[in-house]
Amino acid sequence: MKLPAVPGITPVNLDSVERTTAELQTLMARLRGPDAARDLGLEAAAVQCAEIAHEQRAGLLALVEHRDADPALLIAGVVPVANPGEAADLGYHIADTTPGIRDVSTAHTSRGYPVVIVERIGLSGAQLQAVVLDPDRPRAAVFTLHSPGGRGWLEVAGLAGTLVAGVDLTPAAPAPGTRAGSGRSPGGTSARSAGRW
């Protein structure tokens, strides 16, 4: 799987929970500046996302920032899907069975993959989930964006949408000297490019 590099989305290393948390805290400190008040909601969300990313063996955890918005956290991974069905069917199922959903829509990525987009806005901030279905394999790429503050939600959601729109589900060829199917590489994606996972 390949992801495009998107300005404003900074991936962090996924070697360990401690390293992931430390990198997120460093990024957030840079955003706050020396005199800004601490955003405890974002810090708590960052620690929680770091733990979830490692528990679920996520392929990407990133900070999403836009000058006109509160920063948000993006976590992504590939999950098996026993019966993928149609994107519209998945959208209807999510809308009927999940409380607090504000909007469910379907679309296609720039490569033609069907995607279901779910938006939820509540007291804990704004959340967007995009599920990209792989038409050739029983799996889906799931992207979850969370902004505890919610200010400028459309701007950070737009950045995440750019990343999702450019996803390539084509299996990556193994690097020379490695075995195919050897599992997820340690660590996340480079801060310079979103890369493969």
Where the side chain of Thr109 meets the backbone of Val167, is there a donor-acceptor pair that is under 3.5 Å apart?
no
Using atom types as modelled and distance alone, determine if a side-chain donor or acceptor of Arg151 lies under 3.5 Å from a backbone N or O of Asp68.
yes
Any idea which heavy atoms bring Glu119 and Leu128 closest together, and the distance?
CB-CD1, 4.2 Å
Test your reading of the model: is there a side-chain donor-acceptor pair from Thr10 to the backbone of Ala62, 3.5 Å cut-off?
no
Shared ILVMFWY cluster between Leu73 and Leu27, side chains joined below 4.5 angstrom?
yes
Under the criterion side chain to side chain contact (heavy atoms under 4.5 Å, CB included), I'd like the reasoning laid out for His66 against Leu159: C-alpha separation, chi angles, the key distance, then a yes or no.
CA-CA 8 Å; His66 187 281; Leu159 291 172; 4.2 Å; yes
Smallest separation among heavy atoms of Gly150 and Asp70, with atom names:
N-OD2, 3.7 Å
Candidate pair Phe143 and Ile117, rule side chain to side chain contact (heavy atoms under 4.5 Å, CB included), full reasoning
CA-CA 9 Å; Phe143 297 82; Ile117 303 156; over 6 Å; no
Could you tell me if the side chain of Val164 sits less than 4.5 Å from the side chain of Val132, heavy atoms only?
yes
Nearest 0.5 Å, please: how far is CD in Glu23 from CG in Asp15?
8.5 Å
From Tyr113 OH over to Thr170 OG1, what is the distance, rounded to the nearest 0.5 angstrom?
4.0 Å
Are His108 and Pro114 close enough that some pair of their side-chain heavy atoms sits under 4.5 Å apart?
yes
Exactly one of Leu145, Val64, Thr162 should register a side-chain contact (heavy atoms from CB on, under 4.5 Å) with Ile9. Which one does?
Val64
So do His54 and Leu14 actually touch side chain to side chain, heavy atoms under 4.5 Å?
yes
Taking all non-hydrogen atoms of both residues into account, name the closest pair between Leu163 and Pro4 and its distance.
CD1-O, 3.1 Å
How far apart are the C-alpha atoms of Leu63 and Val12, what are their side-chain angles, what is the distance that settles it, and do they pass the side chain to side chain contact (heavy atoms under 4.5 Å, CB included) test?
CA-CA 8 Å; Leu63 187 70; Val12 296; 5.7 Å; no
Closest heavy-atom contact between Leu169 and Arg137?
O-NH1, 4.0 Å
Which atom of Pro11 lies closest to which atom of Leu60, heavy atoms considered
CB-CD1, 3.7 Å
If I compare all heavy atoms of Glu155 with all of Ala69, which pair ends up nearest, and what's the gap?
CB-CB, 4.3 Å
Please say which of His146, Gln127, Gln129 ends up in a side chain to side chain donor-acceptor pair (under 3.5 Å) with Arg120.
Gln127
Does Leu24 form a side chain to side chain contact (heavy atoms under 4.5 Å, CB included) with Leu61? I'd like the steps, not just the answer.
CA-CA 9 Å; Leu24 281 172; Leu61 177 58; 3.9 Å; yes
